[in-house]
Amino acid sequence: MFTFDPPQRYLELIRQFRLIDDTFFDVCFDGSNECMQLLLNIFFKRNDIIVNEVVTQRSARNLYGRGVCFDVIAMDSNGKIYNVEVQRADEGANPKRARFNNALIDSREINRNTEYKDFPEIWVIFITENDIFGAQLPMYHIERVITELNQPFLDAAHIIYVNGEHKGNDALGFLMQDFFCADPAKMHYPELAKRANFFKYDEKGVKAMCGIMEKFGNELQAEARNEEREATAKEMLRDNKPMEEIIKYSHLPETRIKELAKRTK
């Protein structure tokens with residue numbers, strides 16, 4: 001029982017959130033070096049990455065006014081910078097979005113006296129709900145190369161796409177299962193389960209989430225309701241229900257249901 005009286009609709013919505021939902025991802029990872037270290041060590045198949053700082057929703061703006069709100073920016077003990085973004089919509093992981101994020105991180109981190117040799121190494125990492133490249137690979141690494149020489153162009157800027165559809169029996173597969181799991185008790189990694197449980201069931205965490213719901217109520221409620229509708233549509237697709245019936249009960253447009261059908265097994 002809570003000592004405060006949160007709206008029941010907020011509690012229901014909060015418990016539907018998953019780490020792949022950017023708002024909940026931001027909340028869970030804000031200031032959590034432990035959770036970010038877990039992600040990076042899995043992504044890079046290492047066990048020695050130490051994260052010194054994690055911040056979320058840091059706004060950056062270029063000289064002409066176009067801005068971006070980063071999901072997570074982290075720095076490790078070697079000064080490498082990681083921008084991690086969760087993207088449920090394919091268009092959010094547009095290659096030019098990665099280019100833009102990289103450029104704005106440079107503009108924030110590099111001052112006029114920084115020598116080229118001291119420019120930080122930057123990794124822009126997208127965790128996508130769908131396999132946007134369609135090759136059924138767990139991860140996709142993008143690096144610049146000197147085409148004629150077939151050699152890497154060592155500009156210390158890197159891009160990774162993590163395929164959220166990969167749910168294999170390996171470290172990354174278990175991680176992606178956790179990202180799509182709404183119940184902390186069913187998560188594989190205790191670091192993520194503990195953090196998610198805090199914001200879903202602990203009084204202080206729930207109170208913080210309710211504050212966010214108050215601030216961004218309409219947007220967050222719409223996000224959670226849409227997630228519920230898509231879950232309904234997926235279940236009906238698995239049961240081979242007719243399109244008219246799925247539209248009626250999920251309240252989703254036919255175009256979105258067809259997109260879900262391509263990815264529902």
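Values below: every heavy atom of this structure, side chains too, minus hydrogens, waters and symmetry copies. Computed from a prediction, not measured in an experiment: that's the story for all the values here.
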Query raised in the report: Picking from Q87, R88, E165, what satisfies side-chain contact (heavy atoms from CB on, under 4.5 Å) with E129?
Result: R88

Query raised in the report: Between E230 and R256, does at least one N-O distance fall below 4.0 Å, as a salt bridge requires?
Result: yes

**Report entry** Pairwise distance SG(C35) to CZ(F25) - rounded to 0.5 angstrom
**Finding:** 9.5 Å

**Report entry** Nearest non-hydrogen partners of V54 and A74, listed with the distance
**Finding:** CG2-CB, 4.1 Å

Query raised in the report: Are the side chains of I50 and D76 in touch, meaning some heavy atoms are under 4.5 Å apart?
Result: no

Query raised in the report: Any side-chain heavy-atom pair from D131 and Y140 closer than 4.5 angstrom?
Result: yes

Query raised in the report: If Ile, Leu, Val, Met, Phe, Trp and Tyr residues are connected whenever their side-chain heavy atoms lie under 4.5 Å apart, and connections chain through other members, are F119 and M75 in the same group?
Result: no

Query raised in the report: Do E254 and K258 meet the salt-bridge criterion of a basic N to acidic O distance under 4.0 Å?
Result: yes

Query raised in the report: For L175 and L39, what are the C-alpha separation, side-chain angles and deciding distance, and is it a side chain to side chain contact (heavy atoms under 4.5 Å, CB included)?
Result: CA-CA 8 Å; L175 180 64; L39 255 64; 3.9 Å; yes

Query - Residue pair M236 / I257, side-chain heavy-atom distance below 4.5 Å - result: no

Query raised in the report: Looking only at heavy atoms, which two atoms of T56 and D26 are closest? And how far apart?
Result: CG2-O, 3.3 Å

Query raised in the report: Will you find, in the side chains of N111 and T114, an N or O donor that is under 3.5 Å from an N or O acceptor?
Result: yes

Query - Option among E121, R144, H141, K80 that satisfies the side chain to side chain donor-acceptor pair (under 3.5 Å) test with H158 - result: E121

**Report entry** N150 atom CG: more than 12 heavy-atom contacts under 6.0 Å
**Finding:** no

Query raised in the report: With hydrophobic residues grouped by side-chain heavy-atom distances under 4.5 Å, do Y201 and L192 end up in a single group?
Result: no

Query raised in the report: Does K167 have any side chain to side chain contact (heavy atoms under 4.5 Å, CB included) partners at least two apart in sequence or in another chain, and if so, which?
Result: M176, Q177, F180

**Report entry** Non-hydrogen atoms of V86 and D21 that approach each other most closely
**Finding:** CG2-C, 4.4 Å

**Report entry** Contact summary for K241 and I246, nearest pair of heavy atoms
**Finding:** O-CD1, 3.5 Å

Query raised in the report: Taking only residues two or more places apart in sequence or in another chain, which ones pass ring-ring contact (aromatic ring centres under 6.0 Å, His included) with Y161?
Result: F126, F133

Query - Residues R97, E85: salt bridge by 4.0 Å N-O rule - result: yes

Report task. Calculate, to the nearest 0.5 Å, the distance between atoms CG and CG belonging to N240 and L237 respectively. Result -> 8.5 Å

Report task. Quick one: closest heavy-atom pair of A171 and Y189, and the distance? Result -> O-OH, 2.8 Å

Query - Audit row: L252, L260, side chain to side chain contact (heavy atoms under 4.5 Å, CB included) steps and yes/no - result: CA-CA 11 Å; L252 291 174; L260 294 172; 4.0 Å; yes

Query raised in the report: Would you call the rings of W123 and F44 parallel, tilted or perpendicular, where under 30° means parallel and over 60° means perpendicular?
Result: perpendicular

Query - Pairing of K204 and D202 as salt bridge, 4.0 angstrom limit - result: no

Query raised in the report: Would you say E203's side chain and T3's backbone share a donor-acceptor pair under 3.5 angstrom?
Result: yes

Query raised in the report: Would you say I14 and C210 make side-chain contact, with heavy atoms under 4.5 Å?
Result: yes

Query raised in the report: What distance separates Y116 OH from D155 CG, expressed to the nearest 0.5 Å?
Result: 13.0 Å

Report task. Enter the distance from D183:CG to D178:CG here, rounded to the nearest 0.5 Å. Result -> 11.0 Å

Requested in this report: Report the distance from atom CD1 of I160 to atom CD1 of I125, rounding to the nearest 0.5 Å.
Outcome: 4.5 Å

Query raised in the report: Does the side chain of P120 reach to within under 4.5 Å of the side chain of I110, using non-hydrogen atoms?
Result: yes

Query - hydrophobic_cluster_shared for F153 and I122, side chain cutoff 4.5 Å - result: no

**Report entry** Non-hydrogen side-chain atoms of N163 and P138 separated by less than 4.5 Å
**Finding:** no

Query - Pair E235 + R238: basic N to acidic O under 4.0 Å - result: yes

Query raised in the report: Below 4.5 Å, heavy atoms only, C-beta onward: do I127 and F43 meet side chain to side chain?
Result: yes

Query - Shortest non-hydrogen separation from I73 to I81 and the atoms involved - result: CG2-CG2, 4.1 Å

**Report entry** Distance (rounded to the nearest 0.5 Å) between F24 CZ and F29 CZ
**Finding:** 10.0 Å

**Report entry** Non-hydrogen side-chain atoms of R195 and M187 separated by less than 4.5 Å
**Finding:** no

